Structure formats: structure tokens, C-alpha cells
Amino acid sequence: MLTSLEQAAVVDDPAPWREPTGLGRIPRVLVGRASRLLAAQRDRIAVLEQERRATLDHLGALRQVDATREPQRSVYLDASA
């Protein structure tokens with residue numbers, strides 16, 4: 001399970017998370033490896049949060065530009081009249 005989580009941490013589009021069952025306690029020899037994985041996941045979360053904020057800032061700027069534009073002409077034509 002730890003290997004699959006490590007592989008998912010480096011893939012751009014990992015599989016959806018499904019909580020494993022029946023694993024029991026983590027063996028002492030794997031604690032360091034699991035801790036490094038947790039740190040890598042936290043780092044990735046921080047990067048994704050920064051990217052999310054930047055995207056929201058860009059979307060906000062685009063909305064402000066669109067709000068200043070006035071329509072140049074009609075968008076629809078009533079062809080049935």
C-alpha cells in the first residue's frame with residue numbers, strides 16, 4: 001500500500017483515493033518511509049493551494065475586464081418577426 005501511495009504522489013493524475021482496510025498498525029521499519037510520504041503530500045498540497053489562489057486571481061482579473069466591456073451589437077436576431 002505504501003508503494004502505491006508513493007507512486008501516486010509523483011503522478012500528475014493519480015487514481016482516486018480509497019481508504020485501505022485491514023492493514024493494521026504500520027511496522028516500525030516503515031515509519032520513516034511513511035513520514036517522508038506524508039511530508040511530500042503536504043508539500044504537494046501547499047503547491048496546489050498556491051496554484052488554486054493564482055487561478056482565482058487570474059479569473060478575477062478576467063471578470064473585471066469583461067465587466068468594463070459594453071456590447072458592440074446585438075447578440076440575437078429575431079428572424080421570426
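We're numbering straight along the sequence, starting at 1. Any value given below was found using the heavy atoms of this structure, including those in side chains, with hydrogens, waters and symmetry copies removed. What you see is a predicted model; the values in this text were computed from it and never measured.
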K.L.:
When the side chains of residues 21-35 are checked against the rest of the protein, which donor-acceptor pairs come out under 3.5 Å, sequence neighbours left out?
P.N.:
unit_1 : atom_1 : unit_2 : atom_2 : d
R33    : NE     : E6     : OE1    : 3.2
R33    : NE     : E6     : OE2    : 2.8
R33    : NH2    : T3     : OG1    : 2.8
R33    : NH2    : E6     : OE1    : 2.8
S35    : OG     : V31    : O      : 3.0

K.L.:
Would you please name every residue forming a side chain to side chain contact (heavy atoms under 4.5 Å, CB included) with E51, sequence neighbours left out?
P.N.:
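Applying side chain to side chain contact (heavy atoms under 4.5 Å, CB included) to E51 gives V47, L48.
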K.L.:
Test of understanding: with salt bridge (charged side-chain N to carboxylate O under 4.0 Å, His left out), list the residues that count as partners of E49, not counting sequence neighbours.
P.N.:
R52, R53
K.L.:
Using side chain to side chain contact (heavy atoms under 4.5 Å, CB included) as the criterion, list what pairs up with L59, not counting sequence neighbours.
P.N.:
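So L59 forms a side chain to side chain contact (heavy atoms under 4.5 Å, CB included) with T55, R63.
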K.L.:
Which residue pairs satisfy the salt bridge (charged side-chain N to carboxylate O under 4.0 Å, His left out) criterion with at least one member in residues 34-46, sequence neighbours excluded?
P.N.:
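For residues 34-46, and leaving out neighbouring residues, there are no salt bridge (charged side-chain N to carboxylate O under 4.0 Å, His left out) pairs at all.
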